[in-house]
Amino acid sequence: MKAKQYFEEMLRSALTERALPWPEKAVIEPPRERKFGDYSANVCMLLAGAAGMKPRELAEALAADLRTRADQLERVEVAGPGFLNVTFAPGFWHGILADVQAAGAAYGASDLGRGQRVQVEYVSANPTGPLHIGHGRGAALGDSLARLLKKTGHQVECEYYVNDAGRQMRILGDSVWLRLRQLAGRQGEDLEDFYRGEYIKDIAAEVYRQNPDIFEQPENTAIDICFSHAVADILGGIQKDLADFRVGHDRWFSEKSLVQTDGPGALSKVDETFADLLARDLAYEEDGALWFRSTNFGDDKDRVLRKSSGELTYFASDISYHHDKFQRGFDRVIDIWGADHHGYVSRMQGAVEALGRKGALQVILVQLVSLLKDGEQVAMSTRAGKFETLSDVVAYVGTDAARFLFLSRKSDSQLEFDLELVRRKSMDNPVFYVQYAHARVYSMLAKAELAGIRPASPGPAAYAGLAGVDDLEVCRLLERFPDVVAQAAEQLAPHQVSHYLSELAAALHRYYSKHHVLSAGPEVAAARLLLLSCVAATLAAGLDLLGVEAPERMDQVVEQTVEDATGEAAP
RNA sequence: GCCCUCGUAGCUCAGUCGGAUAGAGCACAGGAUUCCUAAUCCUGGUGCCACAGGUUCGAUUCCUGUCGAGGGCACCA
């Protein structure tokens, strides 16, 4: 049983006996300072009024209750304004090792989600060019969230919304067609808004190679060919970049599928959504346009769904898209967007409310990433910037380092990504610090194996060899992992996992330098190996939640990044 | 003008539903290896938690306002 749970149960029954309620704002947590014990509760301050006692008096009374009934608690103390601090018996902490070993890679898993169906939609960049580094942050976050939610008992599906309809797509087709004509030495003036990247020229050349007769086609057909080739090509590139970044979506949802009809007279999904909104008087026609009554949901003006020109706005297909999500049975939908869309959040949430699913949509905004090299800003917007794209950055620093950095900050604050710092394989780079801790344990296990020493099985004999304060300290940290996972999932905040891992790695390194394992005598050595292999298992389980590898040897990591980097010389 | 996010050590950032003397890494200085990987460990100090009020037993945390940074406010995408 978890320490927090145990303490809470004991406390609850003691309160019940005194006819006191469990206060809403009760908190049980490890106190900041070790000297205050393992866990601390604030209930006495909250209940003093109801109990008609001073906080400290109540605390003393409850402490006495706990001392008689809670046999796992070694000490129960009252401190400060009325905190109830408890210290668990060593045997309790040792029991954690049995838990970790039994669970293995599943350590930290829970059934918090109770099978709730959750969809995570992320990246969803328009297929008009390669992914840049900001998309990488969203990708790492979405993927890690999905892992966290799965681990906590949710049924998760990841989706990428492909904006393959609408104006931008037309411009994309036009852009390729223009480059193609220029390539063939034909006329073609630069247009006001079109895509200028080098990759457009590459696509044009490829289209020409595959369709040498393209100039004999009617222009509409030619543009169609350009367009579909461009989307396929760019989307293929995006998929590859994501795969290299260890990110996979279960489904790629086409916007076009919302707009298209099955046959003549049939309604598209968007039409169905419109009909639904009109029937409930949540939409209306005015000035030749179709409007959504977003003012009913707190917006300051109504928004257009279909322009008077007949074109749909993005908002229209987005509503329809979310309508579709809920029809597919998701209990909860999480969208990850760039921070530049934040004005859109309340509107979309209003729309979801209109669909009768108030509160079922959570939007996470990912703040900007500023790319630095040796402390200097790397221009992101210009065509010349070599490190604009995610794939360039990943090639230079490696997937593990990039992911770990992205996931070590909360998503709503701006992030500095210094290429040289992230690339460095040293202690200022926390990812290697954590990976090294994992590899260190494996190195010891291998050495021990040669010496004929194997990790002990959890049990009294092993625990006898782990009675020191440092041993218990490590056990305490291991015990916290399931709480960290649960909270990170609840708050949709994977960075809490990476911070925990740094802490656990630090504990491992400290332990390593203080306590020699293999020369400690066979029994103590076996006991310590048990402890350390539990640390490794927990590190691996945590790294897995971040999508970062847990190497058994560090030279593997070095090889991997060096290899990645050789293809791309530094600018 | 209105709205959103952010403001914590020299730098990059944590800080749990409001808890006890506000933390980590980096940078800086010194030390540790006959022994399991020194990609490591140990020892040093630094804060008007942007500012001003409010809520209460208690505020970095919640509320209001001010200042500062970024972003958003279309029949754009």
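Numbers restart at 1 for each chain; the letters A, B, ... are given by sequence-line order, proteins then strands. Bear in mind the structure is a predicted one, so any value in this text is a computation, not a measurement.
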Quiz item: What nucleic acid atoms does His342(A) come within less than 4.0 Å of, heavy atoms only: base, sugar-phosphate, or nothing?
Solution: base
Quiz item: Choosing from U5(B), A39(B), A74(B), which nucleotide comes nearest the side chain of Phe432(A)?
Solution: A39(B)
Quiz prompt | NZ/NE/NH1/NH2 to OD/OE distance under 4.0 Å, Arg12(A) and Glu8(A) | solution = yes
Quiz item: Below 4.0 angstrom from OP1 or OP2 of C17(B), is there any side-chain N or O of Gln487(A)?
Solution: no
Practice problem: Assign Ser502(A) to base, sugar-phosphate, or nothing according to its heavy-atom contacts below 4.0 angstrom with the strands shown. | Solution: nothing
Quiz item: Which part of the nucleic acid, if any, lies within reach of Glu24(A) when heavy atoms closer than 4.0 Å are counted: base, sugar-phosphate only, or nothing?
Solution: base
Practice problem: State yes or no: are the ring centers of Tyr160(A) and Tyr122(A) separated by less than 6.0 Å? | Solution: no
Self-check item: Pairing nucleotide - U43(B), Watson-Crick or G-U, each distance under 3.5 Å
Solution: A29(B)
Exercise. Decide yes or no, distance alone: a donor-acceptor N/O pair under 3.5 angstrom between the base of G72(B) and the side-chain of Asp340(A).
Key: no
Practice problem: Using distance alone, with no hydrogens and no angle criterion, decide if Ser268(A) and Gln260(A) have a side-chain donor and acceptor under 3.5 Å apart. | Solution: no
Quiz item: What is the nucleic acid contact for Leu290(A), judged by heavy atoms within less than 4.0 Å: base, sugar-phosphate only, or nothing?
Solution: nothing
Self-check item: Nucleotide opposite A14(B) in a Watson-Crick or G-U pair, distances under 3.5 Å
Solution: none
Quiz item: Considering only the C1' atoms, how many Å lie between G15(B) and U61(B), rounded to the nearest integer?
Solution: 9 Å
Exercise. Kindly say if Tyr344(A) contacts the phosphate of C3(B), meaning a side-chain N or O under 4.0 Å from OP1 or OP2.
Key: no
Exercise. Between A69(B) and A50(B), how far apart are the C1' atoms? Round to whole Å, please.
Key: 11 Å
Quiz item: Would you say Lys307(A) reaches C76(B)'s phosphate, i.e. side-chain N/O to OP1/OP2 under 4.0 Å?
Solution: yes
Quiz item: Stacking here means centres under 5.5 Å and planes under 30°; does His516(A) stack on C36(B)?
Solution: yes
Self-check item: Complementary nucleotide for G19(B) - Watson-Crick or wobble, under 3.5 Å
Solution: C57(B)
Quiz item: When we call it a touch if two heavy atoms are under 4.0 Å apart, what does Lys301(A) touch: a base, just sugar-phosphate, or nothing?
Solution: sugar-phosphate
Quiz item: What does Asn163(A) touch in the nucleic acid at a heavy-atom separation under 4.0 angstrom: a base, only the sugar-phosphate, or nothing?
Solution: nothing
Practice problem: State, yes or no, whether a side-chain contact exists between Asp38(A) and Phe7(A) at a heavy-atom distance under 4.5 Å. | Solution: no
Quiz item: Given that Pro81(A) and Arg553(A) both sit by RNA chain B, which one's nearest nucleotide is further toward the 5' end?
Solution: Pro81(A)
Self-check item: Donor-acceptor pair present, Ser308(A) side chain and C75(B) base, under 3.5 Å
Solution: yes
Quiz prompt | Tyr512(A) side chain near A38(B) phosphate (N/O to OP1/OP2, under 4.0 Å) | solution = yes
Self-check item: Inter-nucleotide C1' distance (G44(B), A27(B)), Å rounded
Solution: 14 Å
Quiz item: When you compare C26(B) with C6(B), how far apart are their P atoms, in angstrom units rounded to a whole number?
Solution: 28 Å
Quiz item: Considering only C41(B), A77(B), C13(B), which nucleotide approaches the side chain of His509(A) most closely?
Solution: C41(B)
Quiz item: What is the pairing partner of A74(B), taking Watson-Crick or G-U wobble pairs with both distances under 3.5 Å in any strand?
Solution: none
Self-check item: Electrostatic pair Arg306(A)-Glu311(A), nearest N-O below 4.0 angstrom
Solution: no
Self-check item: Strand partner of A9(B), provided both Watson-Crick or wobble distances fall under 3.5 Å
Solution: none
Self-check item: Residue whose closest nucleotide on RNA chain B lies nearer the 5' end, Tyr511(A) versus Glu286(A)
Solution: Tyr511(A)
Quiz item: Does the ring centre of Tyr344(A) sit less than 6.0 Å away from the ring centre of Tyr314(A)?
Solution: no
Quiz item: Mind telling me whether C17(B) is syn or anti, cutoff 90° either side of 0?
Solution: syn
Quiz item: Side-chain N or O of Lys410(A) less than 4.0 angstrom from OP1 or OP2 on C6(B)?
Solution: no
Quiz item: Base, sugar-phosphate alone, or nothing: which one does Ala289(A) contact when heavy atoms must sit under 4.0 Å apart?
Solution: base
Quiz prompt | Nearest-nucleotide pick for Ser443(A), side chain only, options being C36(B), C57(B), A77(B) | solution = C36(B)
Quiz item: Between Phe36(A) and Phe83(A), does the ring centroid distance fall short of 6.0 Å?
Solution: no
Quiz prompt | Inter-nucleotide C1' distance (C41(B), U33(B)), Å rounded | solution = 10 Å
Practice problem: Among the candidates A14(B), C41(B), C36(B), find the nucleotide nearest to the side-chain atoms of Arg510(A). | Solution: C41(B)
Quiz item: What does Leu46(A) touch in the nucleic acid at a heavy-atom separation under 4.0 angstrom: a base, only the sugar-phosphate, or nothing?
Solution: base
Quiz item: Hey, does Arg306(A) reach any base, or is it just sugar-phosphate, or nothing, if we go heavy atoms under 4.0 Å?
Solution: nothing
Self-check item: Asp335(A) vs His322(A) side-chain heavy atoms within contact, under 4.5 Å
Solution: yes
Quiz item: Quantified in whole Å, what is the C1' atom distance between nucleotide G1(B) and nucleotide G45(B)?
Solution: 46 Å
Exercise. Identify whether any heavy atom of Ala26(A) sits under 4.0 Å from a base atom; if not, whether one sits that close to sugar-phosphate; answer base, sugar-phosphate or nothing.
Key: base
Quiz item: Would a 4.5 Å heavy-atom cut-off, applied to side chains only, mark Leu11(A) and Trp22(A) as touching?
Solution: yes
Exercise. Select base, sugar-phosphate, or nothing to describe what His341(A) touches, counting heavy atoms under 4.0 Å on all strands.
Key: base
Quiz item: When all nucleic acid strands are considered with a 4.0 Å heavy-atom cut-off, which category describes Asn85(A): base, sugar-phosphate, or nothing?
Solution: base
Quiz item: Looking at the side chain of Met45(A), which of C76(B), G19(B), C17(B) is the nearest nucleotide?
Solution: G19(B)
Exercise. Please determine if a side-chain N or O atom of Arg440(A) lies less than 4.0 Å away from the OP1 or OP2 oxygen of A38(B).
Key: yes
Exercise. For U66(B) versus A74(B), give the span between their C1' atoms, rounded off to a whole number of Å.
Key: 31 Å
Quiz item: Considering every strand shown, what is the Watson-Crick or G-U wobble mate of A52(B) when both distances are under 3.5 Å?
Solution: U64(B)
Exercise. Determine: side-chain N/O of Lys25(A) to OP1/OP2 of G58(B), distance under 4.0 Å, yes or no.
Key: no
Self-check item: OP1 or OP2 of C36(B) under 4.0 Å from side-chain N/O of His515(A)
Solution: no
Quiz item: Do the non-hydrogen side-chain atoms of Leu504(A) and Leu478(A) ever get within less than 4.5 Å of each other?
Solution: yes
Practice problem: Name the closest nucleotide to the Met554(A) side chain, picking from U21(B), C36(B), A39(B). | Solution: A39(B)
Exercise. Please state the P separation for the pair U12(B) and C75(B) - nearest whole angstrom.
Key: 39 Å
Practice problem: Using a heavy-atom cut-off of under 4.0 Å over every strand shown, decide if Ala451(A) touches base, sugar-phosphate, or nothing. | Solution: nothing
